Amino acid sequence: MRRPVTTTHLDPEELHRNPAFTQGVIAPAARTLYVGGQLGTDSTGELLDGIEAQTVQAMRNVLTVLAAANTGPEHVVKLTIYLVDGVDAQVGYAASRSVWGDHRTAITVVSTAGHARPGALVEIDAIATIPE
């Protein structure tokens with residue numbers, strides 16, 4: 001049986017409180033999972049079409065890696081989302097929440113000129129604690 005890992009969200013009164021993310025997360029010393037950048041590719045490596053489909057798939061891929069380490073989105077302390085310049089970030093945000101749900105974590109969104117794989121519009125990586 002896994003022992004829960006308790007994280008603490010930091011939302012200082014001096015900063016805006018956002019329902020989608022937290023300004024900081026304190027994670028106790030624990031085993032840590034670093035999820036490498038996930039693209040919007042299916043199990044065959046095929047890149048899906050459009051920002052919405054790619055974002056949903058990239059989030060699903062992150063969740064798959066988390067599950068393989070016996071952890072989940074409630075234990076993610078940091079997400080980084082890399083979006084190619086010119087994509088509609090709001091479409092990407094909505095698509096990611098449709099898969100991710102309301103698990104608040106620290107998030108950084110970076111606009112890039114492109115990704116190593118041509119046609120990739122989004123890449124997502126994560127840092128999570130692993131319950132014992």
Side-chain angles (χ1 to χ4, degrees):
M1 178 183 214
R2 294 186 298 172
R3 193 177 66 199
V5 175
T6 303
T7 58
T8 303
H9 293 170
L10 293 178
D11 292 296
E13 291 180 18
E14 300 84 4
L15 300 176
H16 171 73
R17 188 180 191 292
N18 189 300
F21 66 85
T22 183
Q23 299 295 339
V25 178
I26 297 172
R31 292 187 335 141
T32 305
L33 169 65
Y34 297 88
V35 179
Q38 298 297 309
L39 301 177
T41 56
D42 64 17
S43 62
T44 68
E46 190 71 27
L47 191 62
L48 279 63
D49 290 328
I51 185 61
E52 185 173 9
Q54 285 189 25
T55 302
V56 165
Q57 188 62 49
M59 274 298 192
R60 286 183 181 148
N61 294 346
V62 168
L63 292 173
T64 298
V65 176
L66 293 171
N70 293 318
T71 190
E74 69 276 13
H75 298 292
V76 170
V77 296
K78 180 73 162 70
L79 281 174
T80 305
I81 303 172
Y82 304 89
L83 295 171
V84 170
D85 288 336
V87 301
D88 187 338
Q90 296 306 314
V91 171
Y93 296 152
S96 68
R97 279 195 85 184
S98 74
V99 175
W100 190 253
D102 292 326
H103 299 288
R104 294 175 72 231
T105 190
I107 296 175
T108 300
V109 179
V110 179
S111 183
T112 67
H115 297 293
R117 179 157 179 188
L121 301 173
V122 62
E123 185 170 351
I124 304 171
D125 65 38
I127 301 171
T129 59
I130 301 172
E132 295 188 19

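The structure displayed is predicted, hence computed values, not measured ones.
- Looking at H9 and R104, their side chains come closer than 4.5 Å, going by heavy atoms from C-beta outward.
- Of all the heavy atoms in M59 and I124, the pair that sits closest is CG-CD1, 3.9 Å.
- Side chain of Q54 to backbone of L121: a donor-acceptor contact under 3.5 angstrom is found.
- For E52, the CD atom counts as loosely surrounded, since its 6.0 Å shell holds 12 or fewer non-hydrogen atoms of other residues, nucleotides or ligands.
- The nearest pair of heavy atoms linking V76 to A126 is CG1-CB, 4.3 Å.
- With rounding to the nearest 0.5 Å, the separation of OG in S43 from CZ in R60 is 12.0 Å.
- Here the CZ-OG1 distance, from R97 to T55, works out to 14.5 Å after rounding to the nearest 0.5 Å.
- In the hydrophobic clustering of this structure, V65 does not group with L47; members are Ile, Leu, Val, Met, Phe, Trp, Tyr whose side-chain heavy atoms approach within less than 4.5 Å, directly or through other members.
- L48 is not connected to V99 by any chain of hydrophobic side-chain contacts under 4.5 Å among Ile, Leu, Val, Met, Phe, Trp and Tyr, and they are in different clusters.
- In this structure, N70 and R31 have side chains that are not in contact, with every pair of non-hydrogen atoms separated by 4.5 Å or more.
- L39 forms part of no hydrophobic cluster, judged by ILVMFWY side-chain heavy-atom separations under 4.5 Å.
- Using modelled atom types, no side-chain atom of Q23 and backbone atom of N18 make a donor-acceptor pair closer than 3.5 Å.
- What you find for V122 and A58 is that their closest heavy atoms are CG1-CB, 4.4 Å.
- Considering only heavy atoms from C-beta on, T41 stays 4.5 Å or farther from E46 through its side chain.
- Checked by atom type and distance alone, the side chain of T22 never pairs as donor or acceptor with a backbone atom of A106 at under 3.5 Å.
- Using a 4.5 Å cut-off on side-chain heavy atoms (C-beta onward), W100 and L79 make contact.
- In terms of heavy-atom proximity, S98 sits nearest to V56 at OG-CG2, 3.9 Å.
- For the pair L83/V109, a side-chain contact is recorded, criterion being any heavy-atom separation below 4.5 Å from C-beta on.
- Contact check for L66 versus T64: no side-chain heavy atoms found under the 4.5 Å cut-off.
- At least one donor-acceptor pair closer than 3.5 Å links the side chain of T32 to the backbone N or O of A30.
- Distance check: T129 OG1 to E74 CD gives 8.5 Å after rounding to the nearest 0.5 Å.
- Taking the side chain as every heavy atom from C-beta outward, T71 and P131 approach each other to under 4.5 Å.
- Expressed to the nearest 0.5 Å, how far OG of S111 lies from CD1 of I81 amounts to 12.5 Å.
- For the pair T80 and V110, the minimum side-chain heavy-atom distance is below 4.5 Å.
- Grouping Ile, Leu, Val, Met, Phe, Trp and Tyr by side-chain contacts under 4.5 Å, direct or through others, puts V25 with Y34, V77, I127.
- The shortest non-hydrogen separation linking V84 to G114 is CG2-CA, 4.0 Å.
- Not counting sequence neighbours, the partners of Y82 by the side chain to side chain donor-acceptor pair (under 3.5 Å) test are D125.
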